[in-house]
Student: 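Attaching a single structure in structure tokens format; questions to follow.
Just so it is clear: chains get the letters A, B, ... in the order the sequence lines come, proteins before strands, and each one is counted from 1.
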Number of protein chains: 2
Amino acid sequence: MTVTNDDTAQYLIKTVSKRSGVKSDLVRAWERRYQAVSPVRTSGGHRVYTDQDIARLKLLNQATNNGHSISQIAQLSLDDLKQLIKNESITNALEPAVNETSIRDKYQIAEDYNNKCYAAVLAFDAQALESHFENAIVELGSEAFIELLLSPLLSKIGERWKTGELRPVHEHMTSSVIRSLTYILRNNNPCPANAPRMIVSTPIGQLHELGALLAAIMAELCGWQITYLGANLPAEEIAAAVKYTNACALTLSISFASEDNIVAKELRRIKKLIGNDVTLIVGGRAASHYQGVLSEIGVPNIQGYSHFKEILKQLADQHHKTTNG
Amino acid sequence: MTVTNDDTAQYLIKTVSKRSGVKSDLVRAWERRYQAVSPVRTSGGHRVYTDQDIARLKLLNQATNNGHSISQIAQLSLDDLKQLIKNESITNALEPAVNETSIRDKYQIAEDYNNKCYAAVLAFDAQALESHFENAIVELGSEAFIELLLSPLLSKIGERWKTGELRPVHEHMTSSVIRSLTYILRNNNPCPANAPRMIVSTPIGQLHELGALLAAIMAELCGWQITYLGANLPAEEIAAAVKYTNACALTLSISFASEDNIVAKELRRIKKLIGNDVTLIVGGRAASHYQGVLSEIGVPNIQGYSHFKEILKQLADQHHKTTNG
DNA sequence: AATATTTTGTCTATGTTTTGTATAAGTTTG
DNA sequence: CAAACTTATACAAAACATAGACAAAATATT
């Protein structure tokens, strides 16, 4: 697991000593004599160390206890030191291992995670799924996480659900995990002060919320301020939320095509209730099935990830013009 | 333009000192020397602080007690501070809490937050609600947060929903905010290796998930490994989840009493499907309405917070005996 | 093997910075 | 008016800094 490399967290020598196990005097001596660490200084001259320095000193301490001479290892890289310690515990070989991280393509990484995540969904292992997601966010970044991992994964789940490989409960579990992830994603890029507001939900009868969740996360990443309502809400409730928040857009996800015309009815009612000042966006696997109603009420059908992003951008620009101009 | 700056919460330095545990003089010194906080001023020059400032000072106090130098951490963001404390508390988890706020004060603080949170719900302000929750978790700790704030708040929302002061959509919004909070709470106390597993959901027809969410959070805090499924699931799906995860308990929340006998039927079916090896727990505002079925299938009715906790403890003990003995 | 040299951890002496607290004198608040 | 707040300054303990000394251990040389 990649530990959050806190550039922010900085320590004075006492803390470093306590945590690395190397006495303060010795830490200074190692710096003076062999440049084992290179702490920055406060304006008053006190040494300020990073987490990396602590890790380094810890390893150096271990290595010297193993019989290594400090002068010989003081300047090794962190990776080399790790290698050293590791080899020690097995054999006595002290080859300076070349530690070159293989440069893999993001697509490859995303695909790997995709398989792992899908396996976790199939095995109904929520903890594993969350852990994979967390790692993927760190490794890929929010943007690529959504575009290369989350979006394809949800499509896959949608398909497999139809074939019967997955049950509804698999989707519920996955939704639940993703919902708690929104907290990380939101904190990764805090939304700007006067961001445009948007409501995200699914109309009544539409119980699947994965599509809506994806839309909400995407929009949040594009700088929108989202109020997410979950699935299966009647037109009046959705419209009330739009009114309460003074949102300038409403996104609905439709993933299941039913032959009764409840969804069509609801869409018409929603459009009527929110009026023309609020932009209605409809996406999802089954949105095209309602092409008729959608064009009737003047709602463009979303053609996938980049199309949705483009529309969001356009609307945001429009919003800023009307509020700032 | 209401940004994160809380217009509502305003405290003078004495209150801040009491609640954060940092003496008034020191609060001023930290501001003067390191800009640790930036309170606004009254027209007469008195400092006025927000809930966020209190949370911040509380965390700074904790961090300095852990050996961090105030000058090095004073300007860290709230999230970074939380991270710092979290990483630290893993290593020295068994420290006697020096700066414990008295129980009586906690009640008062919780009540204040309760009012603010309810106001945010009423105003349909998801951002404010989340922010209040976050601050409250820092100030009260996870346990008191649930017992003194979340639990009463959800009861209040349940009541006001019946009187018509709140709409269904208010509840949806609140659920959504709380769901994303589960991430923080889960990370505050990571669950032990061989924790007993539990499924949490609501039966079909029960659309309100606040009670289920509360149950899930409580159980997680008691050391259980939870798979949360959301609301409105048919018996077969819930039973499938129990089977997949090999859970030893299933908790259902019932908050709405309906005259049709769908819930009763579902409860009987669930009991049949999961058998006697899996403990079924039923709680929620309307659970007592189904007393008949519940005693028929041998399910005790939950009598509130401490009762639920007690049952959880009992089951966990039982689980550990059967797995370790 | 005996002797010399280098490495390495620790210690001392002396001065500076950091940090919590205290005091004095004036201002705001209820 | 009293209580609580303000600023400004002062002060002392704790922590850190540098420079150099010193002895045990490791290594090299005779």
Student: B/L57 CG to C/dG20 P: how many Å, rounded?
Tutor: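 So the two atoms are 12 Å apart, to the nearest Å.
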Student: Using the test side-chain contact (heavy atoms from CB on, under 4.5 Å), find all partners of B/Y107 that sit at least two apart in sequence or belong to another chain.
Tutor: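 With neighbours one apart ignored, the set is B/I103, B/L148.
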Student: So does B/S69 get a side-chain nitrogen or oxygen closer than 4.0 Å to the phosphate oxygens (OP1/OP2) of C/dT19?
Tutor: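 Answer yes for this pair, as a side-chain N or O of B/S69 is under 4.0 Å from OP1 or OP2.
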Student: Check every strand shown and say whether B/T64 touches a base, only sugar-phosphate, or nothing at a heavy-atom separation below 4.0 Å.
Tutor: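 Here B/T64 touches no strand at all.
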Student: Counting just side-chain N and O atoms, does B/Y34 come under 4.0 Å of either OP1 or OP2 of C/dT18?
Tutor: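 No, B/Y34 has no side-chain N/O under 4.0 Å of OP1/OP2 on C/dT18.
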Student: Quick check on C/dT21: is either OP1 or OP2 less than 4.0 Å from any side-chain nitrogen or oxygen of B/K23?
Tutor: yes
Student: Can you tell me if B/S24 uses its side chain to pair, donor with acceptor, with the backbone of B/S17 under 3.5 Å?
Tutor: no
Student: Just checking, any donor-acceptor pair under 3.5 angstrom between side chains of B/E139 and B/Y113?
Tutor: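 The answer is yes; a qualifying pair exists.
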Student: Looking only at the side chain of A/R33 (C-beta and beyond, no hydrogens), which of the listed nucleotides C/dT29, D/dA21, C/dT21 gets closest?
Tutor: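 From the listed options, D/dA21 comes nearest.
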Student: Starting the side chain at C-beta, find the nucleotide from C/dT10, C/dT18, C/dG9 nearest to A/S43.
Tutor: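 Minimum distance to the A/S43 side chain belongs to C/dT18.
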Student: Please state how far atom CD in B/Q72 lies from atom C1' in D/dA15, giving the value in whole angstrom units.
Tutor: 13 Å
Student: Going 5' to 3' along nucleotides 2-9 of chain D, which nucleotides have protein heavy atoms under 4.0 Å from the base (write B), which only from the sugar-phosphate (write S), and which from neither (write -)?
Tutor: --SSBB--
Student: Starting from C1' on D/dA26, measure out to CG on A/N65 and report it in whole angstrom.
Tutor: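 To the nearest whole Å, that distance equals 16 Å.
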Student: For C/dT8, does OP1 or OP2 lie under 4.0 Å from any side-chain N or O of A/S71?
Tutor: yes
Student: Check B/E31 with B/R47, please: is the shortest side-chain N to carboxylate O separation under 4.0 Å?
Tutor: yes
Student: Residues two or more places apart in sequence or in another chain: which of them pass ring-ring contact (aromatic ring centres under 6.0 Å, His included) with B/H170?
Tutor: A/Y244, B/F124
Student: With side-chain contact (heavy atoms from CB on, under 4.5 Å) as the test, pick out the partner of B/L150 among B/I137, B/I178, B/L140.
Tutor: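 The option that passes is B/I178.
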Student: Just how far, in rounded Å, is P of C/dT7 from CG of A/L26?
Tutor: 16 Å
Student: So, the side chain of B/T64 versus the backbone of B/H68: is there a donor-acceptor pair under 3.5 Å, distance only?
Tutor: no
Student: Mind calculating the distance between NE2 (B/H68) and P (C/dT19) to the nearest angstrom?
Tutor: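 So the NE2-P distance, B/H68 to C/dT19, works out to 13 Å.
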